[in-house]
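Heads up: numbering here begins at 1 and tracks the sequence.
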Amino acid sequence: MKKTLRILTIVYYSNYISALLSALVGFYFLKNNIKIDAQSEIGIIFSTILIILIIGSVPLTLSLFNRYTKRIVATENIETRLVKYQSAGIIRIQIMGFGLVLGVLFYYLMGSQSMLFCAGIAAIGLFFCKPSQLKISSELQIDQE
């Protein structure tokens, strides 16, 4: 379980580091006057896609992960549970982190407050994915055996 926790923690924090790097890239774009007008057609398309992505992916990802963990609890082997949980956990964290990184980058590119709110929603969703030993053992019902 410690290996699974370590890998998920690395993936979790690497998404926040990626968000910081996208902020640096966005700041570079802002400094060099590279931007997308939020009211232009392309700006509206990017905004809409990001909003739909985040509003759809956060609850859907959390819900599907919850259903999947309930299904893998039926697996008898604890090692198999941990491997499946780890791979599903990485996917869940990456989907949430992708929305965060794009939200931060689009905030700098478009200067739109709604992109900052989208990044905030993704960050809150990512916060719910933070791995811990207690969370893993309770979701996989390892402590009950």
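Going from atom CD1 of I10 over to atom CD1 of I17 covers 10.0 Å, rounded to the nearest 0.5 Å. Summarising the geometry, atom CD1 belonging to I121 is positioned 10.5 Å from atom CG belonging to L116; distances are rounded to the nearest 0.5 Å. Between the CG atom in N15 and the CD1 atom in I93 there is a gap of 7.0 Å [rounded to 0.5 Å]. Interatomic distance, C129 SG to L62 CG, rounded to the nearest 0.5 Å: 5.0 Å. Separation of atoms OG (S40) and CE (M110) is listed at 8.5 Å; rounding is to 0.5 Å. With values rounded to the nearest 0.5 angstrom, K2 atom NZ is found 11.0 Å from T9 atom OG1.
Nearest heavy atoms, T4 versus Q86: OG1-OE1, 3.5 Å. Summarising the geometry of T69 relative to N66, their closest heavy-atom pair is OG1-O, 2.8 Å, with the distance given to 0.1 Å. Of all heavy-atom pairs between A38 and S112, the closest is CB-CB, 4.3 Å. Residues C118 and L50 come closest through the heavy atom pair CB-CD2, 4.2 Å. Between P59 and I54, the shortest heavy-atom contact is CD-O, 4.3 Å.
Between F98 and L53 the shortest side-chain heavy-atom distance falls below 4.5 Å. I136 places a side-chain heavy atom less than 4.5 Å from the side chain of L82. The side-chain heavy atoms of Y68 and K84, taken from C-beta on, include a pair separated by under 4.5 Å. A heavy-atom distance below 4.5 Å is not found between the side chains of L20 and L24. Here the side chains of Y16 and L126 are in contact, with some heavy-atom distance below 4.5 Å. Here the side chains of L100 and M96 are not in contact, with every heavy-atom distance at 4.5 Å or above.
In the hydrophobic clustering of ILVMFWY residues, with side-chain heavy atoms under 4.5 Å counting as a link, I36 and L30 come out together. Cluster annotation: F127 and V58 are assigned to the same hydrophobic cluster (Ile/Leu/Val/Met/Phe/Trp/Tyr, side-chain heavy-atom contacts under 4.5 Å, transitive). Residues M115 and V25 are members of one and the same hydrophobic cluster, defined by side-chain heavy-atom contacts under 4.5 angstrom among Ile, Leu, Val, Met, Phe, Trp and Tyr. Clustering ILVMFWY residues whenever any of their side-chain heavy atoms sit less than 4.5 angstrom apart, transitively, puts Y13 in the very cluster that holds I90. L109 and I42 fall within the same hydrophobic cluster, where Ile, Leu, Val, Met, Phe, Trp and Tyr residues are linked whenever their side-chain heavy atoms come under 4.5 Å apart, directly or through other members.
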Practice item. Evaluate ring-ring contact (aromatic ring centres under 6.0 Å, His included) for F27 paired with Y107, printing each intermediate quantity in order. Key: CA-CA 10 Å; F27 184 73; Y107 168 71; over 10 Å; no

Practice item. Any chance you could lay out the side chain to side chain contact (heavy atoms under 4.5 Å, CB included) test for E139 and F65, step after step, and finish with the verdict? Key: CA-CA 10 Å; E139 286 178 339; F65 183 78; 3.8 Å; yes

Review point. Would L8 and Y85 count as a side chain to side chain contact (heavy atoms under 4.5 Å, CB included) if you check the C-alpha gap in whole Å, the side-chain angles of each, and the deciding distance to 0.1 Å?
Key: CA-CA 10 Å; L8 289 176; Y85 182 88; 3.7 Å; yes

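Heavy-atom neighbours of K135 NZ from other residues, nucleotides or ligands within 6.0 Å: above the threshold of 12.
With sequence neighbours left out, Y28 forms a side chain to side chain donor-acceptor pair (under 3.5 Å) with N32.
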